[in-house]
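Here the structure is laid out as structure tokens; the discussion comes afterwards.
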2 protein chains.
Amino acid sequence: MSKNQELGITESKEHNTGEWYAEVVQKAGLANYAPEGMSGFIITRPRGYALWESIQQNLDAKFKKTGVQNAYFPLFIPESYLEREKDIVEGFDPEVAWVTHGGHDELEERLAVRPTSESIIAPYMAQWVRSHRDLPLRVNQWASVVRWEATDTKPFFRTKEFLWQEGHTAHETHDDAWEETITRLDQYQSMYEDLLAIPVLRGQKPDHDKFPGAHTTTTVEALMPDGKSVQAGTSHHLGTSFAEAFDITYSDEDDEIQAAHTTSWGLSWRSLGALIMTHSDDQGLVLPPTIAPEQVVIVPIWQEDTQEEVLSYAEGVKKELEDAGIRVELDAREQHNPGFKFNEWELKGVPVRFEIGPYEVADEEITVVHRPDGESTKEDRDGIAEAVIDHFDEVYAKLYATAEENLAENVREADSREEILGTIGQHGGYVKTPWCGDESCEDVIKEPLSAEIVMCPFDDDEALDDDAVCSICGEQATQTAYFAKNY
Amino acid sequence: MSKNQELGITESKEHNTGEWYAEVVQKAGLANYAPEGMSGFIITRPRGYALWESIQQNLDAKFKKTGVQNAYFPLFIPESYLEREKDIVEGFDPEVAWVTHGGHDELEERLAVRPTSESIIAPYMAQWVRSHRDLPLRVNQWASVVRWEATDTKPFFRTKEFLWQEGHTAHETHDDAWEETITRLDQYQSMYEDLLAIPVLRGQKPDHDKFPGAHTTTTVEALMPDGKSVQAGTSHHLGTSFAEAFDITYSDEDDEIQAAHTTSWGLSWRSLGALIMTHSDDQGLVLPPTIAPEQVVIVPIWQEDTQEEVLSYAEGVKKELEDAGIRVELDAREQHNPGFKFNEWELKGVPVRFEIGPYEVADEEITVVHRPDGESTKEDRDGIAEAVIDHFDEVYAKLYATAEENLAENVREADSREEILGTIGQHGGYVKTPWCGDESCEDVIKEPLSAEIVMCPFDDDEALDDDAVCSICGEQATQTAYFAKNY
Ligand SMILES: [Zn+2]
Ligand SMILES: [Zn+2]
């Protein structure tokens, strides 16, 4: 086995998706597994964390433009607060990490490391809201949360600690809260589509799969290459149930006390997992230029007698790109040959490569290579900082088109239990079908195949025929359901 | 007691600094105390968190421009890792919060909630560094840490959980590590002086007060209005001690294995405490325009017959400022009179107030009032977005000058034990004096007064006379020492 092969990816995306994914994450320098005694945790390395920072910045700017303020609540939540939430929120019983000792002393009350913060945020929202003039109130927190679920670790998809944001808002009316819910869902969708080059499906969860206590849970879903759906972000309309339980009330214009209508919405670093999983290939990480830490790598190709002129030309190119605000790396290492460098930067996911050798210098050109498909073109040296933007757009368009095509090919229709089972069993992906709304009709798909209804499109997006019947029981259909296996 | 008084600050900064500080923090909407069972924790409200975000952005940009990358390490650290650090780092014995249970199961090994992360960062740095080509390695983490110290809570100054950054770097040589140490100290100083308008003193800690295991601990110190010094940020040159203990080694150009020279440096939300404490007054929060969430508040002053024209004029001004990138709030609430609004925005620390009434509209002017001192001037409506920048500079200069004057007045010299004790006892502040370097000469000041040597200036900044003698023992002096009470 040559050194290059050891450094490179050895697993196949198509045949061994799970192992391939783990290898890409580690070899592209995104994350390491945590040490013994810490199974389920990861170390997020700078290249991985930079991607998360981009996602944060993108969403944070969107949030702030639409009236959201960030805040920070304690890492710990008293057990009695979680118990209170359990009483309120049917089905809420998170597995958490418990702090029992502070210093050398046992605590009087155990503290949970936050699995989510609504049980401590809601009581403070109740304090801060007095009058209708205090509404809408919109608070968001970027933080890490811990859920002690004993599962196989899959970096960014499944870890005991993960990074996320959770937003909580309070409004005067049901409609205001609905508008908020959809605003956040739109922002998640736009982050996936415009930053990560991942098309998503949007809709709402079946009633029996809503966030406990929610009026409506909306979701964006992304299709992964192994045919499973990822719940990529959720936005909940909570109605007045949380407000009533936590006393988030306001006095309206007539001085009457009213319960607020609240929402919550969250997106985690699972988005980063989806990004890595969607575009990468058997050579390693593939990133759209929108988010790549280095958008361009310049690899100079020289002999001893041409080294000086090639390097000086390459440095000029680098400076021009930098001045134009482009993230560029010049790989002038002398101990590696160009082929080694090509492999390494492909592994690391740099979307555009500039090759510069004596011919390029002589012709005042640059050879431009696209990471996803190896397409190679020549560009004039003159105006390169502008020309490269077009290449970014092209690379982005290629990635988006491939993902979009994959999604379109993998939404199939079926109109019987057997056909649903057979289609998902054979192809994975989504099966859309008319559904009566009854959980038992989901169960007959879930039990044999662990595929479930991941979302039902909003009526405005996909209306059902009036005479449609449920594919499973034959009763009147009320919604279109998308069945899929999921993460 | 009128409603205004209840809303406003009732304590005196001069006579009751601690109570006054707590009142400003709460009434300006910066933080709340955490609920029962969580003493020592705080809720950082949006107005407080926005200030921390500004500090983060300022430092993060500086770090990134100088080669630092962010990463994220697990929230928990196995007990054996902390034990290992205890073996290495004499005197390291943090009081921590212990996680003993995950879900319903007791853990085999207790996990500490990170009190600081070097014991988990260092082993990974050891993995990532192989060759001299991997150096320098610079990793930073923004995170929350927990130290279970049972003390009176003082928001941002003393809390069991606090937000901070810790940077860890590895270098080839001692000098490289020293340059790094000073680069970070310079960045801390510049953040304090240019963003927070707080002049600081800089220097190094006495040998007996260094970070355990460090070669040199450098510090920036800020003087608070109660005459105490705050350790405002520290940057440690760790020599090779950490590298040797954690095996952070590299092969040099001759393929010889060498221990790296490492540094670490940290700054917490204590900086936010220093900001609030330094500039605020008996009317509430005072902020420099560099960091204020709202730089300008426009308060319209109308009668029924002038409301429309005043409001329309004010809206035009607001739009012009916004378009120029200025953070501006127009307070058009009808239920409050201008006096109420003045008080409220003074309490909240908006540095510049625009008053706009019928006279301003008629004369095409704006009345501009500075928060810190109430200075009022008229400006032409035309060109207001440029003129206001000068006002920001003036307000900043006023705040900085006041703090600088206070600092200059409170550095005093003394040349005997009695004089040191007497001076600090009477005035607080700093006493600078020649010192032999012996801890026992600090003890005789520390015991009666709990004042200690908070820093010794670098030789380049303040050289000692050759014949100077220690003020306490009369032996040859080796350093200038600054004694002060501290937080
Ligand atoms: Zn049915
Ligand atoms: Zn002495």
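Not measured: the values here are computed from a predicted model. Chain A is the first sequence line, chain B the second, and so forth, proteins listed ahead of strands; every chain is numbered from 1. Values reported hereafter were calculated over all heavy atoms of this structure, with side chains retained and with hydrogens, waters and symmetry mates removed.
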(request) With the side chain counted from C-beta on, respond yes when A/N70 and B/W52 share a heavy-atom pair under 4.5 Å apart, and no when they do not. (result) no

(request) For residues B/I43 and A/W128, determine if any side-chain heavy atom of one lies less than 4.5 Å from a side-chain heavy atom of the other. (result) yes

(message) Give me the atom names and distance for the closest heavy-atom approach of B/E36 to A/P78.
(response) O-CG, 4.3 Å

(request) Write down the atom of A/P74, the atom of B/E161, and the distance for their closest heavy-atom approach. (result) CA-OE1, 3.4 Å

Hey, which of [options] has the most heavy atom pairs under 4.5 Å with chain A?
options	answer
B/A50, B/G29, B/A34	B/A34
B/F73, B/Y81, B/W148	B/W148
B/R45, B/Q69, B/E95, B/E109	B/R45
B/G102, B/G48, B/A97, B/A31	B/G102

(message) Are there over 12 heavy-atom neighbours, none belonging to A/E253, within less than 6.0 Å of that residue's CD?
(response) no

Within this structure, what is the [atom1]-[atom2] distance for the pair [X] and [Y], rounded to the nearest 0.5 Å?
X	Y	atom1	atom2	result
A/I77	B/F41	CD1	CZ	11.5 Å
B/L75	A/M38	CG	CE	8.0 Å
A/E106	B/W98	CD	CH2	14.5 Å
B/R110	A/T100	CZ	OG1	7.5 Å

Examine whether an atom of [X] lies under 4.5 Å from a heavy atom of chain B, and if so say whether it belongs to the side chain, the backbone or both; otherwise answer neither.
X	result
A/I121	neither
A/P293	neither
A/E108	neither
A/Q141	neither

(message) Over 60° means perpendicular and under 30° means parallel, so tell me whether B/Y49 and A/Y72 are parallel, tilted or perpendicular.
(response) parallel

[X] versus chain A, the contacting section by heavy-atom distance below 4.5 Å:
X	result
B/P35	both
B/F76	both
B/E149	neither
B/E79	neither
B/R133	side chain

(request) Could you tell me which of A/N32, A/V139, A/D105 has the largest number of non-hydrogen atom pairs under 4.5 Å with chain B? (result) A/N32

(message) So if I apply the side-chain contact (heavy atoms from CB on, under 4.5 Å) rule between B/V99 and each of A/V96, A/V113, A/L111, which one comes out positive?
(response) A/V113

